[in-house]
Amino acid sequence: TSFVSCDQVESVPDASDIVISEVTGTWVVDITWAGDFYDTNTISIYNTGANDSNLMWLDDQQHGWGLLAKVPLNLDAMTFSGADLEEQYYGVTVTITEGKIIKGGATAPSGDVVDSIYFKAEFSDIPGEIWEYSGYKSTGKIGDLP
């Protein structure tokens with residue numbers, strides 16, 4: 001009989017390994033639907049499992065119509081868009097247009113200068129109705145959250 005023991009080591013992700021770290025994180029956005037104010041809430045952007053430099057997950061955490069899609073990204077231009085993308089919450093498709101992140105393009109309520117974000121989404125189950133998201137990268141400060 002033999003016994004083998006292994007030291008248990010916790011794996012901690014290293015953010016420096018995320019190739020799209022410039023765009024990942026929590027964003028505070030105003031959401032409009034068909035031109036009318038809908039909500040101010042948070043969305044998330046995170047890297048794909050393959051850690052691609054040209055794709056990102058865009059997740060509104062079901063604060064809007066329900067948007068969870070892998071979106072093509074141009075990291076150099078800080079733009080993103082795609083047509084007929086698979087939306088994961090409800091099994092429809094979504095088209096993302098005019099996606100843009102501007103470094104230092106917004107001021108959070110705390111006064112911190114942060115990145116800004118803007119994009120439009122059109123879902124296949126409500127064609128012609130445009131969702132607009134615009135806002136800033138969260139600082140994590142309580143006063144900067146919705």
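The first residue in the sequence is number 1, and the count goes up from there. We use all heavy atoms of the structure for the numbers below, so side chains are in, but hydrogens, waters and symmetry mates are not. Every value quoted in this text rests on a predicted model; they were computed, and no experiment measured them.
Tyr136 pairs by the ring pair (Phe, Tyr, Trp, His ring centres under 6.0 Å) definition with nothing, not counting sequence neighbours. Here Asp115 pairs with Lys103 under the salt bridge (charged side-chain N to carboxylate O under 4.0 Å, His left out) rule; sequence neighbours left out. For Lys141, the side chain to side chain donor-acceptor pair (under 3.5 Å) partners are Asp112, not counting sequence neighbours. Remark: Thr95 pairs with no residue by the side chain to side chain donor-acceptor pair (under 3.5 Å) rule, at least two apart or across chains. With sequence neighbours excluded, the residues forming a side chain to side chain donor-acceptor pair (under 3.5 Å) with Thr139 are Asp144, listed by chain and number.
Proximity of Asp39 to Pro146: side-chain heavy atoms (C-beta onward) are nowhere separated by under 4.5 Å. In this structure, the side chains of Ile20 and Leu75 come closer than 4.5 Å at one or more pairs of heavy atoms. Side-chain contact between Trp33 and Glu129: present, with at least one pair of heavy atoms (C-beta onward) separated by less than 4.5 Å. At a threshold of 4.5 Å between non-hydrogen side-chain atoms, the residues Ile43 and Gln61 do not count as touching. For the pair Glu98/Ser81, no side-chain contact is recorded, criterion being any heavy-atom separation below 4.5 Å from C-beta on. Phe119 is not listed as a side-chain neighbour of Val71, based on a closest heavy-atom distance of 4.5 Å or more.
The backbone N or O of Thr42 lies less than 3.5 Å from a partner atom in the side chain of His63, making a donor-acceptor pair. Side chain of Lys137 to backbone of Thr24: a donor-acceptor contact under 3.5 angstrom is found. Checked by atom type and distance alone, the side chain of Asp60 pairs as donor or acceptor with a backbone atom of Gln62 at under 3.5 Å. Not one N or O on the side chain of Asn74 forms a donor-acceptor pair closer than 3.5 Å with the backbone of Met78. Panel note: side chain Thr32, backbone Gly35; no donor-acceptor pair is recorded below 3.5 Å.
Under the 4.5 Å side-chain contact rule for hydrophobic residues, Leu55 and Ile18 do not share a cluster. One hydrophobic cluster holds both Ile45 and Val94 under the rule that ILVMFWY side chains link at heavy-atom gaps under 4.5 Å. Cluster membership check: Met56 shares its hydrophobic cluster with Val19, using side-chain heavy-atom separations under 4.5 Å among Ile, Leu, Val, Met, Phe, Trp and Tyr. By the criterion of side-chain heavy atoms lying less than 4.5 angstrom apart, applied directly or through intervening Ile, Leu, Val, Met, Phe, Trp or Tyr residues, Ile31 is grouped together with Ile126 in one hydrophobic cluster. Val28 and Ile117 end up in different hydrophobic clusters when Ile, Leu, Val, Met, Phe, Trp and Tyr side chains are linked at under 4.5 Å.
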Worked check of side-chain contact (heavy atoms from CB on, under 4.5 Å) between Ile101 and Ser116
CA-CA 6 Å; Ile101 294 172; Ser116 68; over 6 Å; no
Working note: Val29 + Asn41, criterion side-chain contact (heavy atoms from CB on, under 4.5 Å); need CA distance, chi angles, decisive distance, verdict.
CA-CA 6 Å; Val29 292; Asn41 222 310; 5.6 Å; no
Evaluate the side-chain contact (heavy atoms from CB on, under 4.5 Å) criterion for residues Asp59 and Leu67: first the C-alpha distance (whole Å), next the side-chain angles of each, then the deciding distance (0.1 Å), finally the verdict.
CA-CA 6 Å; Asp59 185 355; Leu67 169 59; over 6 Å; no
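With a 4.5 Å cut-off between side-chain heavy atoms of Ile, Leu, Val, Met, Phe, Trp and Tyr, the cluster of Trp57 takes in Tyr46, Leu68, Tyr89, Tyr90.
Looking at Thr40 and Asp30, their side chains do bring a donor and an acceptor atom within 3.5 Å of each other. Between Glu86 and Thr93, the side chains place no donor N or O within less than 3.5 Å of an acceptor N or O (distance only, hydrogens not considered).
From Trp27, atom CH2 reaches atom OG of Ser44 across 11.0 Å, with rounding to the nearest 0.5 Å. Distance check: Ile96 CD1 to Asp84 CG gives 11.0 Å after rounding to the nearest 0.5 Å. Rounding to the nearest 0.5 angstrom, the gap separating the OG atom in Ser53 from the CG atom in Leu73 is 8.0 Å.
Residues Tyr38 and Trp131 place their aromatic rings such that the two centres sit under 6.0 Å apart. For Tyr118 and Tyr133, the ring centers sit 6.0 Å or farther from each other.
Closest approach of Ser124 and Val92 over heavy atoms only: OG-CB, 3.3 Å.
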